[in-house]
Amino acid sequence: MSEAATRPSADAGALIASLDPLLRGWLPRQRWFAGKGRPVTGFELVAATELLPPGAELGLLHLLVRVRQPLLAGPDAAAEHELPADCYQLLIGVRAELPPPLAPALIGHVTQGALAGRTVYEALLDPRLTGLILERLRMPGRLGVLRFARAEHSDIPPALTPRTCGVEQSNSSLVYGDAFILKLFRRVVPGVNPDLELPLALARQDCARVPAPAAWLTADGVDEPLVLGVLQPYVRGACDGWELALQALAKGEDFTAEARALGRATAEVHAALAAALPTVSLGRAQVELLARGMTERLEAAARAVPALRPYEPALRTAYQALADLGTHSGTVWTAQRVHGDLHLGQCLRAPTGAWSLIDFEGEPARPLAERRMPQPAARDVAGMLRSFDYAARSYRPWSPGWADVCRAAYCTGYTDVSGRDPRTEPVLLRAHETDKAVYEAVYEARHRPDWLPVPLAALDQLAADAAGPRRGAATPGRPDDVR
Ligand SMILES: Nc1ncnc2c1ncn2[C@@H]1O[C@H](COP(=O)(O)OP(=O)(O)O)[C@@H](O)[C@H]1O
Ligand SMILES: O=P(O)(O)O[C@H]1O[C@H](CO)[C@@H](O[C@H]2O[C@H](CO)[C@@H](O)[C@H](O)[C@H]2O)[C@H](O)[C@H]1O
């Protein structure tokens, strides 16, 4: 293919036909493949771009591929996507033969078409090819449907040594010289990706809590624009909040100072987001809509995860209480852009002790339009409160007291900066915490069934609280009712 043949063409059609049998076997095994549990019935090429034309020795193809899969019942049914077929970003290396260190990258040997006789493989495991991707990002411009952009004043040195980021994740990341990290989105959805939009908005506010995008990769000229990757400064020597929380639990150490610092960091990011992007007042109709959305997610989740069904009637009352408050008391909440999937794993602590927040994509299974809607800041607060509970419950013996004090310290830190204590809105907070735990139950049923008891235990407690406050617990509305 030449550069002119970067849109689907007869050549490109032949290319995908030749890769089809190999991708069918390889794709479902990838951690980031969102369609697990449903058979792959075919591929449709959206765009193919040669980042390095496959010459005699080496080639690099950038593919956007729609994966056809039937919708089945089960946990997936709660996670409808807005596209008829999910679109994935693939970076395919092409060689005559794979050198032994690249053996784990193998996708397969092509037997037909222009690449017949060649070996194709996961390009992100090949430093020669990932180095080339960074060089492209350093030079703004277009290649086929791909557009490489760079932030003004960003300084990206050449020839930084690339390595893959070892963690299991929903996307794929590459670290360059411990100076930058490039996140390449795997399942890509049309429209503005909040993982680029929000960090750019925060950078405009000089918010130091979020690494500012240095360069990014998008596609246009396809059906709708797509955000494909974001390069950000790498927080060297950082440890994420989840690891730190587990270490503290293992050593029997207090984590409340960190929890309070995290509360402050969250409030700073919320303030910067509220300053950068529109906020709205949630009147009666909007609160009803919010509560209805939560109820519908609960219903869908209960259809998909049978273990949720016994709690459904009691959990509904948490949402009803939210709707009632909005309707009858005239309470008006403010909604703003939020992180959307905040948990301890999304918080990085630098060796200096400073916390950064990352991964503003929101809950990946939710439609993009929903993820980009202004929401009460309580949504992120609830995500973090759930995360302290997760950490405490994942450690044996379970130490509920550890979670209680962290949750309270987090809220105190949030109040330090915002002047608003999230605990003074217990109905709003409880509804969001319930909604988050319901999401987690679906997430765990789908990805990590062994972890399902963690959100279920929380839902059990939330359902009991909805029926009446637990004995010895503070009255709802009192600041210490957060646990
Ligand atoms: N700016 C950064 N500095 C250091 N490490 C980072 C940075 N951004 C991400 N990471 C690391 O990469 C991992 C995955 O990043 P994340 O944005 O959460 O991807 P995903 O959406 O695929 O989960 C994080 O858990 C963290 O370990
Ligand atoms: O991969 P993402 O960061 O986009 O988030 C997804 O995976 C998370 C698990 O890796 C999941 O988080 C849940 O488990 C965490 C512990 O592993 C816990 O700290 C979180 O509180 C809990 O929600 C997240 O929900 C999911 O979207």
Side-chain angles (χ1 to χ4, degrees), residues 30-34 79 89 124 163-188 193-196 198-199 203 208-214 227 229-246 249 262 339-351 354-366 371 379-395 403 406-407 410 432-433 435-448 450-455 458:
Q30 304 314 301
R31 159 71 168 88
W32 41 262
F33 182 61
Q89 171 173 218
L124 301 189
R163 65 178 163 87
T164 47
C165 186
V167 293
E168 285 276 287
Q169 49 171 133
S170 315
N171 297 292
S172 296
S173 295
L174 297 160
V175 177
Y176 290 96
D178 272 0
F180 290 94
I181 181 164
L182 171 63
K183 174 166 170 179
L184 290 163
F185 300 103
R186 288 305 199 156
R187 189 173 74 88
V188 287
N193 184 331
D195 211 4
L196 175 60
L198 297 187
R209 295 293 181 185
V210 175
V227 175
V230 182
L231 184 79
Q232 289 183 339
Y234 183 69
V235 184
R236 201 178 303 193
C239 198
D240 74 50
W242 176 252
E243 286 305 321
L244 289 169
L246 293 189
L249 274 159
L262 280 165
H339 180 285
D341 190 18
L342 196 58
H343 56 80
L344 282 162
Q346 315 280 37
C347 307
L348 299 181
R349 196 187 68 179
W355 284 98
S356 303
L357 307 191
I358 56 164
D359 195 1
F360 283 73
E361 217 184 344
E363 290 167 7
R366 278 215 204 189
R371 288 191 257 149
R379 182 174 178 78
D380 286 345
V381 172
M384 286 299 289
L385 296 181
R386 290 285 316 117
S387 215
F388 292 116
D389 180 62
Y390 249 79
R393 285 185 197 273
S394 73
Y395 189 75
C406 286
R407 288 160 59 96
Y410 177 79
H432 278 94
E433 205 176 340
D435 190 42
K436 189 74 195 176
V438 167
Y439 162 82
E440 288 167 343
V442 176
Y443 178 88
E444 302 301 4
R446 189 175 175 202
H447 295 279
R448 308 185 296 190
D450 288 357
W451 287 65
L452 184 55
V454 174

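Note that ligands are numbered from 1 as they come in the structure, with each ligand's atoms numbered from 1 the same way. For the single chain, residues carry numbers from 1 onward in sequence order.
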For [X], counting its heavy atoms only, list the atoms of ligand 1 lying under 4.0 Å from any of them.
{"X": "E361", "value": "21 (O)"}
{"X": "Q346", "value": "18 (O)"}
{"X": "P211", "value": "1 (N)"}
{"X": "L348", "value": "2 (C), 3 (N), 4 (C), 5 (N), 6 (C), 7 (C)"}

So, 4.0 Å and heavy atoms of [X]: is ligand 2 close enough to count as a contact?
{"X": "G345", "value": "no"}
{"X": "Q346", "value": "yes"}
{"X": "R448", "value": "yes"}

Shortest reach to [atom] by a heavy atom, considering only [options]:
{"atom": "atom 23 (O) of ligand 2", "options": "E444, E440, R366, H343", "answer": "E440"}
{"atom": "atom 25 (O) of ligand 1", "options": "C165, G345, A350", "answer": "G345"}
{"atom": "atom 26 (C) of ligand 1", "options": "I358, V230, L182", "answer": "I358"}
{"atom": "atom 16 (P) of ligand 1", "options": "H343, R31, K183, Q232", "answer": "K183"}
{"atom": "atom 11 (C) of ligand 1", "options": "I181, N171, D195", "answer": "I181"}
{"atom": "atom 5 (N) of ligand 1", "options": "F180, W242, Y234", "answer": "Y234"}

Answer yes when [X] and [Y] have at least one side-chain N-carboxylate O distance shorter than 4.0 Å, and no when they do not.
{"X": "K436", "Y": "D380", "result": "no"}
{"X": "D359", "Y": "K183", "result": "yes"}
{"X": "E363", "Y": "R379", "result": "yes"}

Rounded at 0.5 Å granularity, tell me how far [atom1] in [X] sits from [atom2] in [Y].
{"X": "R386", "Y": "E433", "atom1": "CZ", "atom2": "CD", "result": "6.0 Å"}
{"X": "D341", "Y": "E361", "atom1": "CG", "atom2": "CD", "result": "9.0 Å"}
{"X": "S173", "Y": "L182", "atom1": "OG", "atom2": "CG", "result": "7.5 Å"}
{"X": "S387", "Y": "Y410", "atom1": "OG", "atom2": "OH", "result": "9.5 Å"}
{"X": "R349", "Y": "L344", "atom1": "CZ", "atom2": "CG", "result": "12.0 Å"}
{"X": "L184", "Y": "L231", "atom1": "CG", "atom2": "CG", "result": "9.5 Å"}

Show which atoms of ligand 2 fall inside a sub-4.0 Å distance from at least one heavy-atom site of [X].
{"X": "S170", "answer": "1 (O), 4 (O)"}
{"X": "Y439", "answer": "25 (O), 26 (C), 27 (O)"}
{"X": "S387", "answer": "18 (C), 19 (O), 20 (C), 21 (O)"}
{"X": "D359", "answer": "3 (O), 4 (O)"}

Polar-atom distance check: V235 versus ligand 1, any N or O pair below 3.5 Å?
yes
Would you please name every residue forming a side-chain hydrogen bond (donor to acceptor under 3.5 Å, both in side chains) with Y439, sequence neighbours left out?
none
Over 60° means perpendicular and under 30° means parallel, so tell me whether W242 and Y390 are parallel, tilted or perpendicular.
perpendicular
I'd like to check whether R31 has a polar contact with ligand 2, where a contact means an N/O of the residue lying under 3.5 Å from an N/O of the ligand.
no
Does any N or O atom in Y443 lie less than 3.5 angstrom from one in ligand 2, N or O only?
yes
Is there a heavy atom of D240 sitting under 4.0 angstrom from any atom of ligand 1?
no
Any side-chain donor paired with an acceptor under 3.5 Å for R186 and S172?
yes
Taking the side chain as everything from C-beta on, heavy atoms only, tell me whether N171 gets closer than 4.5 Å to F185.
yes
For ligand 1, does P233 get within less than 4.0 Å through its side chain, its backbone, both, or neither, judged by non-hydrogen atoms?
backbone
